[in-house]
S.K.: 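Have a look at this one before I ask anything.
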Amino acid sequence: MANSDGTSLWIDGAWRAAAGTFTVSNPATGEPLAEVADASRTDARAAIESAAAALPAWSATPGLERARVLRRAEALMLERATELGRTLTLEGGKPLAEARGEIAYAASFFAWFAGEAERTYGRVIPASTANKRLLALRQPVGVVGAITPWNFPAAMVTRKIGPALAAGCTVVLKPAEQTPLTALNIVALMTEAGLPPGVCNVIPTHDPGPVGTELLQHPAVRKITFTGSTEVGKYLAREAAATVKRVSLELGGHAPFIVFADADIDAAAQGAIVSKFRNAGQTCVCANRFYVHASVADAFLEALTPLVRALTVGDGTLDGVQVGPLIDTAGVQKVEAHVRDATTSGARVLVGGSRPPHLTRGNFYAPTLLDGATDTMRVMREETFGPVAPVARFESEAEVLRRANAGPFGLAAYLYTNDLSRAWRVAERLEYGIVGVNDALPSVAQAPFGGYKESGLGREGGTEGMDAFLETKYISTVIRG
Ligand code: NAP
């Protein structure tokens with residue numbers, strides 16, 4: 001059983017100190033939370049070697065047994081959702097209820113991929129001659145380097161290590177420097193669930209460069225799976241090409257949220273709140289830009305304004321708080337810059353538009369609603385990653401499709417309409433990997449999640465989520481008689 005350290009490196013089934021440490025802080029208060037071991041490139045190499053040594057036995061472990069470990073891990077996560085959620089809130093900022101929800105969502109990836117571990121079938125291929133038997137086997141790709149962001153400190157981890165371990169791969173995980181504690185808690189719990197030493201190693205660091213380089217260059221690492229910014233994703237893809245490592249990328253988005261004239265306006269306003277203000281707007285699939293048909297724009301704003309105004313902002317550990325802090329001061333500054341750019345270009349602030357005056361410390365920004373947004377504003381083109389809803393108007397379906405599909409991103413899009421034909425037409429023409437039709441929360445473990453265009457490569461979740469960690473081997477056998 002893992003001891004309860006939780007702040008050291010986790011390599012080869014044991015906590016290990018590093019040469020230095022770095023401070024993890026609470027974004028709601030700015031106060032230090034923990035000193036965490038700071039992995040070096042040498043530590044990364046040790047973790048990779050441990051994963052490589054563990055690979056033969058783990059990949060030979062029957063899928064049924066790997067599934068049992070994942071199911072026990074799921075059960076432990078759910079059993080400890082309150083304490084895991086609290087750590088997540090303290091380091092990541094999201095309100096406790098949301099954090100517990102993320103723990104349950106994260107655990108669902110273990111459950112789903114446990115099932116997939118039991119169903120990793122190959123294929124019998126019809127031969128061209130009577131004396132041959134042709135088979136395609138599915139085998140684990142090998143050691144996986146997984147790099148995760150801070151905005152979902154639990155779910156982005158399990159969405160990667162769940163399928164990797166289910167497939168029979170071993171893992172070296174580098175969590176985000178702001179939120180390593182949740183990742184360390186999860187791996188400790190997996191050890192309790194029966195995961196053998198070396199199968200999943202966790203190496204937090206405050207300087208991702210050297211650790212990233214080791215993951216990219218070490219020949220034993222056969223796969224890089226990354227969630228984070230498009231800029232870092234492109235860098236990893238370029239560098240991984242040198243040794244032709246497999247790459248999966250879940251990158252940034254800029255989701256359009258379209259409200260047609262025939263939509264249920266109250267449902268659209270409720271959906272806007274969920275999609276835009278969850279995690280204070282720091283999700284890759286959150287609505288970034290609202291396109292509302294001109295004939296219902298006033299009604300939509302009338303419905304949405306009181307809902308935004310009613311959101312309670314504050315320290316996520318306090319009762320009743322719905323919107324927590326942003327992850328750091330750079331995050332707040334980016335939101336301020338986007339709002340300034342929008343208002344100087346003619347947008348009107350209906351709610352918010354500044355840091356909340358009553359919160360004097362921590363990285364807070366008030367839930368903000370802007371009217372009169374235009375497509376040239378930064379908030380309509382770049383990921384704001386904050387609680388800002390800019391509303392623009394449109395006149396026709398063709399126009400809104402063109403505007404929604406403009407730009408390099410293609411992760412998630414939302415549309416609200418009660419016209420079934422329109423729903424199909426628009427959903428099929430949106431150049432996005434995920435489309436929510438009258439649904440602001442489409443993500444579930446059993447469905448494929450990922451982006452078109454510069455929003456990513458490959459899919460996580462669903463049956464597709466296993467493909468990323470499996471190679472196909474073709475075996476042709478000549479038989480006698
Ligand atoms: P980020 O800066 O790209 O960081 C993501 C991860 O990459 C962190 O662990 C980071 O380490 C690491 N990293 C940074 N530079 C690296 C390098 N040179 N080599 C190896 N690793 C490196 O992104 P973020 O700001 O944390 O996350 C927000 C972004 O993630 C947004 O764009 C959001 O849309 C995207 N996101 C996408 C999805 C999706 O599924 N498509 C889901 C969630 C988030 P450090 O923490 O040490 O910097």
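First listed ligand is number 1; within each ligand, the first listed atom is number 1.
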S.K.: With heavy-atom distances below 4.0 Å as the criterion, list the atoms of ligand 1 near Pro149.
M.R.: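 With Pro149 as reference, the close atoms of ligand 1 come out as 26 (O), 27 (O), 43 (C), 44 (C).
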
S.K.: Within ligand 1, which atoms have a heavy atom of Thr227 less than 4.0 Å away?
M.R.: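 Numbered from 1, ligand 1 contributes 5 (C), 36 (N), 37 (C), 38 (C), 39 (C), 40 (O), 42 (C), 43 (C), 44 (C).
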
S.K.: State whether the side chain of Thr312 and the backbone N or O of Val321 hold a donor-acceptor pair below 3.5 Å, judged by distance alone.
M.R.: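 Not a single qualifying donor-acceptor pair exists.
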
S.K.: Quick one, Arg246 with Glu471, criterion salt bridge (charged side-chain N to carboxylate O under 4.0 Å, His left out). Give me CA distance, side-chain angles, the key distance, then yes/no.
M.R.: CA-CA 10 Å; Arg246 276 79 185 118; Glu471 280 284 15; 2.9 Å; yes

S.K.: Using the side-chain hydrogen bond (donor to acceptor under 3.5 Å, both in side chains) definition, which of the options Glu239, Arg41, Arg45 pairs with Gln217?
M.R.: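 Exactly one candidate clears the test, Arg41.
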
S.K.: Evaluating non-hydrogen atoms only, which member of Phe22, Phe409, Trp150 is closest to atom 24 (P) of ligand 1?
M.R.: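 Closest candidate by heavy-atom distance is Trp150.
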
S.K.: Show the nearest heavy-atom pair for residues Ala366 and Pro356, with the distance to one decimal.
M.R.: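 Where Ala366 meets Pro356 most closely, the heavy atoms are N-CD, 3.6 Å.
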
S.K.: Purely on distance, is any nitrogen or oxygen of Val232 under 3.5 Å from one on ligand 1?
M.R.: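 So ligand 1 has no N or O lying under 3.5 Å from an N or O of Val232.
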
S.K.: With a 4.0 Å cut-off on heavy atoms, does Gln282 reach ligand 1?
M.R.: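 No heavy atom of Gln282 comes that close to ligand 1.
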
S.K.: Heavy-atom contacts under 4.0 Å between Glu231 and ligand 1: side chain, backbone, both, or neither?
M.R.: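 No part of Glu231 comes within reach of ligand 1.
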
S.K.: Can you list the atoms of ligand 1 that are under 4.0 Å from a heavy atom of Gln178?
M.R.: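 Here the atoms of ligand 1 in question are 46 (O).
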
S.K.: Tell me whether the NZ or CZ atom of Lys160 lies within the 45° cone about the ring axis of Phe109 and under 6.0 Å from its centre.
M.R.: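 No - Lys160 does not lie over the ring of Phe109 by the 6.0 Å and 45° rule.
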
S.K.: Does the protein place any heavy atom closer than 4.0 Å to atom 40 (O) of ligand 1?
M.R.: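 At least one protein heavy atom is under 4.0 Å away.
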
S.K.: Less than 3.5 Å apart, any donor N or O on the side chain of Thr179 or Glu91 sitting next to an acceptor on the other?
M.R.: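 On atom types as modelled, these side chains do not qualify, holding no pair under 3.5 Å.
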
S.K.: How long is the span from the CD atom in Glu214 to the OG atom in Ser40, to the nearest 0.5 Å?
M.R.: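 Reported to 0.5 Å precision, the distance equals 9.5 Å.
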
S.K.: If we set the cut-off at 4.0 Å for heavy atoms, which region of Leu411 has an atom near ligand 1: side chain, backbone, both, or neither?
M.R.: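 For Leu411, the contact with ligand 1 is made by the side chain alone.
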
S.K.: Does Lys223 qualify as a cation-pi partner of Phe469, given the criterion of NZ or CZ under 6.0 Å from the six-membered ring centre and within 45 degrees of its axis?
M.R.: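 Yes, a cation-pi geometry holds between Lys223 and Phe469.
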
S.K.: So is Glu460 in contact with ligand 1, going by heavy-atom distances below 4.0 Å?
M.R.: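 No, that is not the case, since the closest heavy atom of the residue is not under 4.0 Å from the ligand.
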
S.K.: Can you name the atoms of ligand 1, numbered from 1 with element, that are less than 4.0 Å from a heavy atom of Gly212?
M.R.: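 With Gly212 as reference, the close atoms of ligand 1 come out as 19 (N), 20 (C).
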
S.K.: Using a strict 4.0 Å cut-off to heavy atoms of Met156, name the atoms of ligand 1 that fall inside it.
M.R.: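 Checking each atom against Met156, I get 42 (C).
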
S.K.: Between Phe449 and Trp112, does the ring centroid distance fall short of 6.0 Å?
M.R.: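 For Phe449 and Trp112, the ring centres are not under 6.0 Å apart.
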
S.K.: Looking at Thr148, which atoms of ligand 1 are within less than 4.0 Å of one of its heavy atoms?
M.R.: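 Listed by number with element, the hits are 6 (C), 8 (C), 9 (O).
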
S.K.: Between Arg71 and Glu74, does the salt bridge (charged side-chain N to carboxylate O under 4.0 Å, His left out) criterion hold? Intermediate values first, please.
M.R.: CA-CA 5 Å; Arg71 288 209 175 88; Glu74 180 217 5; 5.8 Å; no

S.K.: Give a yes or no answer on whether the side chain of Thr283 reaches the backbone of Asn279 with a donor-acceptor pair at less than 3.5 Å.
M.R.: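 Checking the backbone N and O of Asn279 against the side chain of Thr283, no donor-acceptor pair under 3.5 Å is found.
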
S.K.: Short list, please: which atoms of ligand 1 are under 4.0 Å from a heavy atom of Ile147?
M.R.: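 So the atoms of ligand 1 that pass are 6 (C), 7 (O), 9 (O), 12 (C), 20 (C), 21 (N).
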
S.K.: Which atoms of ligand 1 sit under 4.0 Å from any heavy atom of Arg159?
M.R.: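 Counting from 1, the qualifying ligand atoms are 40 (O).
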
S.K.: If you measure every N/O of Thr230 against every N/O of ligand 1, is any gap under 3.5 Å?
M.R.: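 Such a contact does not occur with ligand 1.
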
S.K.: What part of Asn151, side chain from CB on, backbone N/CA/C/O, both or neither, has a heavy atom under 4.0 Å from ligand 1?
M.R.: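 Side chain only; the backbone of Asn151 stays clear of ligand 1.
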
S.K.: For Gly228, is at least one N or O under 3.5 Å away from an N or O on ligand 1?
M.R.: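 Yes.
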
S.K.: Any chance you could measure His206, atom NE2, to Asp38, atom CG, to the nearest 0.5 Å?
M.R.: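 Output value for this atom pair is 5.5 Å.
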
S.K.: May I ask you to identify the nearest protein heavy atom to atom 38 (C) of ligand 1, giving residue, atom name and distance to one decimal place in Å?
M.R.: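 Protein heavy atom with the smallest distance to atom 38 (C) of ligand 1: Cys284 SG, 2.9 Å.
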
S.K.: If you measure from atom 11 (O) of ligand 1 to every heavy atom of Glu383, Lys174, Glu177, Glu239, which option wins on shortest distance?
M.R.: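 When every heavy atom of Glu383, Lys174, Glu177, Glu239 is considered, Lys174 comes closest to atom 11 (O) of ligand 1.
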
S.K.: When you measure from the side chain of Tyr365 to the backbone of Gly353, do you find a donor-acceptor pair of N or O atoms at a distance under 3.5 Å?
M.R.: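 Such a contact is found between Tyr365 side chain and Gly353 backbone.
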
S.K.: Within 45 degrees of the axis of the six-membered ring of Tyr291 and under 6.0 Å from its centre: does Arg403 put its NZ or CZ there?
M.R.: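 No, Arg403 does not lie over the aromatic ring of Tyr291.
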
S.K.: Are any of the N/O atoms in Ser455 less than 3.5 Å from those in ligand 1?
M.R.: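 The answer is no, given that Ser455 and ligand 1 share no N or O pair closer than 3.5 Å.
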
S.K.: Which of the listed options, Ser229, Pro210, Ala155, holds the heavy atom that is closest to atom 1 (P) of ligand 1?
M.R.: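 Among Ser229, Pro210, Ala155, the closest heavy atom to atom 1 (P) of ligand 1 belongs to Ser229.
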
S.K.: Can you find a non-hydrogen atom of Phe152 under 4.0 Å from ligand 1?
M.R.: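 Per 4.0 Å heavy-atom rule, Phe152 does not contact ligand 1.
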
